[in-house]
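One structure is given here, and the rest of the page talks about it.
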Amino acid sequence: MRTRFAPSPSGPLHVGGARTALLCWAYAKAHGGSFILRIEDTDQKRSSDAACRALMQDLHWLGIEWDEGPEYDGCGGGEHGPYFASQRLDLYHRYIDILLEQGKAYRAFEGPEQLEAARATARAEKRVYRYDRAALKLDGATIQRYLDEGRPHVVRFKLPNDEPIVVRDEVRGEVTVDPKEMDDFVILKADGYPTYHLAVVIDDELMDVTHVIRGQEHLYNTPKHVLLQDALGFRRPVFAHLSLILNPDGSKMSKREKAKVARRAAKEYLKAKSVEERKAWIAELVSLDKKPKSLLTGIEAKHKHRFQDVDHNFSAREFQSFLEGDTDEPAIAHLIEDKLGIDLPEVDVQDFRLSGYLPEVLINYLALLGWSPGHDIEKFDRDFLVTHFDLDRVIKSNAKFDRAKLLAFNLDAIQAMSPNQFRELSYAHYREYHPEFVEKLSADQFDMLALSPEQFDMLAAANHSRSKTLDDTVKSSQFFIMSHDAIEYEETKGVRKALCNGDPSGYDHLAAIKPMLADLTAWTKDAIEHALNNYAQEHADGKLGKVAQPLRIAVSGTTVSPAIFETLAILGRDAVLNRIERCLSNRKLSSST
RNA sequence: GACCCCAUCGUCUAGUCAGGUCCAGGACAUCAGGUUUUCAUCCUGAAAACAGGGGUUCGAAUCCCCUUGGGGUCGCCA
């Protein structure tokens with residue numbers, strides 16, 4: 001048995017697509033069959049090589065390996081190629097000719113504008129638009145004349161009769177469709193490319209695909225495919241239509257979700273700004289977008305790893321229309337994300353990869369979102385999927401994507417790692433997606449740090465238990481790599497309480513601890529721990545919190561950091577003393593005002 | 001709007017096909033306690049659902065019908 005995933009390479013791989021691919025793969029593997037990747041690049045305008053590569057990268061990252069298809073890092077190959085629809089044009093035309101000859105299809109000369117006008121009229125009259133078969137009534141001489149003139153035209157499939165079409169679907173049972181609900185659909189476009197319907201039917205037949213597993217949005221296409229298969233004398237594969245993945249608000253999961261969040265943040269940010277400031281800000285974003293991605297640094301560097309359809313080069317006007325909600329262009333949303341330092345909801349596989357989710361966790365969660373193994377089992381790996389997956393437990397209803405649950409799964413997986421594993425994965429992640437972080441860690445106060453040394457081990461270890469994603473450390477460790485001057489002390493209740501309350505106050509403790517730390521013979525975690533514990537015992541009723549919190553604030557500016565002993569050890573003595581001093585002088589500043 | 005699909009805690013689901021063992025089980029989220037040098041973890045506990053209405057049946061979350069709600073499709077996109 002053979003399954004296939006047949007995406008169009010027109011954008012990043014969406015989690016919905018990833019799940020379809022996953023379940024196709026799992027089904028094939030569970031039944032000892034082959035899984036095929038076929039690129040359905042029949043839309044010349046929207047397809048791109050970059051998108052295709054990105055797609056394969058994402059599938060590969062997820063561990064969904066195709067036995068046949070385009071070759072990529074050990075995947076692909078096979079005897080049924082080519083695996084790009086765009087390279088199979090002659091094949092499609094062969095079948096088009098047959099259909100034409102047998103009168104099962106016909107040429108139609110209406111242009112897109114003409115059809116759109118007819119649709120608009122139908123809409124205005126509250127009618128359902130169906131193609132009126134005008135071209136079918138053309139006589140042979142006219143058709144010949146049009147062809148001689150070189151008029152652009154499409155080929156339409158002629159619906160054979162009025163018999164209801166019954167499609168057997170493995171998850172939904174029998175689905176019956178009245179042909180009156182359909183019309184003579186286009187199978188060959190004016191540019192000579194087939195439509196999806198024709199390509200998919202021919203490719204599935206020629207590639208011996210036995211099981212078609214795809215999203216529910218294709219359910220309504222199935223009768224068309226079945227009709228085509230019958231007309232061409234092809235066998236009918238088994239069909240299974242998966243339910244959809246929805247946003248938390250119930251809408252179909254899409255780029256809209258990102259746009260919504262980015263738009264809200266941008267509006268919030270721009271709210272208090274003057275017209276001039278707004279213009280300047282937008283101009284800056286526009287220029288940022290124009291920069292070649294390879295030159296971006298720092299937080300902008302994330303762009304490099306995020307595949308986007310094209311280099312857009314937005315104008316200020318396009319930006320405006322995004323803000324007004326007229327477009328949901330993800331590239332603009334990401335520009336805002338990077339500029340404002342906000343987090344957009346992940347919807348594409350690459351988003352999750354960049355956010356530091358583990359592929360095996362995403363796979364687990366995605367599988368669970370369309371299938372259930374029963375027996376209250378919900379944590380499982382690839383092998384389990386392959387041994388247990390079957391179509392009979394595929395879920396019929398749509399599911400909302402719950403990022404909180406995914407995060408919880410990711411946390412569990414990270415906590416289950418050995419310290420070594422976590423360190424290695426973290427480092428690989430930083431190097432790939434946060435090179436500036438690694439760079440700074442190895443410079444500045446950490447001049448001793450290169451690749452594996454204790455300092456980094458300590459940082460990883462100190463963050464392991466508090467990480468939900470591989471990215472968490474980067475986010476929460478910024479204070480490590482900041483220059484001392486850049487540390488700003490938060491003006492929050494917690495900070496004030498820890499620093500000012502009590503007698504002695506946090507400031508007093510800091511002042512007392514500073515010389516003690518300066519005199520420490522060895523700057524190690526154990527030595528620091530020993531000294532601070534002793535101090536707390538003698539001067540703070542044994543309450544470590546009394547000294548840990550002021551220290552934490554002094555070195556990080558906030559009340560949150562890894563465990564204090566480790567934090568100080570990683571930071572190094574000079575940095576710690578320097579920052580304590582800064583914090584203390586800040587006291588003088590605030591008390592004088 | 002037309003056609004089609006779907007319907008158990010806030011969310012994902014088990015249970016539905018073979019009606020009783022289900023005053024409905026698990027997970028995430030939430031809330032309350034506890035552990036902890038902060039955050040995050042971790043531990044304990046609580047609250048939380050068979051969409052509504054009709055049937056069928058001794059008996060229905062499970063079968064049938066209607067209503068309601070949600071989703072999909074209606075492209076020379078896939």
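Numbers restart at 1 for each chain; the letters A, B, ... are given by sequence-line order, proteins then strands.
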### Query
Taking protein heavy atoms under 4.0 Å as touching, what does nucleotides 65-78 of chain B look like 5' to 3' if B marks base contact, S marks sugar-phosphate-only contact and - marks none?
------SSS-BBSB
### Task
For nucleotides 23-43 of chain B, just jot down a letter per nucleotide in 5' to 3' order: B, S or -, based on protein non-hydrogen atoms under 4.0 Å.
--BBBB--------BBBBSS-
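Comparing the C1' positions of B:U21 and B:A60 gives an interatomic distance of 15 Å, to the nearest angstrom. When the C1' atom is compared between B:G69 and B:C77, the two are found 30 Å apart, to the nearest whole Å. The separation of B:C12 from B:A49, taken at their C1' atoms, amounts to 13 Å, rounded to a whole angstrom. B:A7 and B:G15 are spaced 13 Å apart, taking the P atom of each and rounding to whole Å. B:C65 and B:C17 have their P atoms separated by 15 Å, given to the nearest Å.
Ring centroid separation for the pair A:Phe352 and A:Phe401 comes in under the 6.0 Å cut-off. In summary, the aromatic rings of A:Phe389 and A:Phe384 are positioned with their centroids too far apart to meet the 6.0 Å limit.
Shown are A:Tyr146, A:Phe109, A:Tyr106; of these, the ring pair (Phe, Tyr, Trp, His ring centres under 6.0 Å) with A:His153 is made only by A:Phe109. Among A:Asn463, A:Val560, A:Thr558, the one residue that satisfies the side-chain contact (heavy atoms from CB on, under 4.5 Å) test with A:Ser476 is A:Asn463.
At a threshold of 4.0 angstrom between heavy atoms, the contacts of A:Ile187 with the nucleic acid are absent. Within the 4.0 angstrom heavy-atom criterion, only backbone atoms of the sugar-phosphate kind lie near A:Lys396; the bases stay farther away. Residue A:Arg214 is classed as having no contact, given no heavy-atom separation below 4.0 Å to the nucleic acid.
Distance from the side chain of A:Ala399 is smallest to B:U13 among B:C6, B:A14, B:U13.
Of the residues in residues 360-370 of chain A, those with a non-hydrogen atom less than 4.0 angstrom from any atom of RNA chain B are A:Leu368, A:Leu369.
Partners of A:Ile395 by side chain to side chain contact (heavy atoms under 4.5 Å, CB included), not counting sequence neighbours, listed by chain and number: A:Ser372, A:Ser397. Annotation: salt bridge (Lys or Arg N to Asp or Glu O under 4.0 Å) contacts of A:Asp390 (sequence neighbours excluded): none.
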With a 3.5 Å cut-off and sequence neighbours excluded, list the donor-acceptor pairs that the side chains of residues 534-542 of chain A form with protein atoms.
unit_1: A:Asn534; atom_1: ND2; unit_2: A:His530; atom_2: NE2; d: 3.3
unit_1: A:Tyr535; atom_1: OH; unit_2: A:His509; atom_2: ND1; d: 2.7

### Task
Could you go through the salt bridge (Lys or Arg N to Asp or Glu O under 4.0 Å) check for A:Arg466 and A:Asp472 one step at a time?
CA-CA 8 Å; A:Arg466 54 206 295 278; A:Asp472 281 353; over 6 Å; no
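Each of A:Gly374 and A:Glu174 has a nearest nucleotide on RNA chain B; the 5'-most of these lies closest to A:Glu174.
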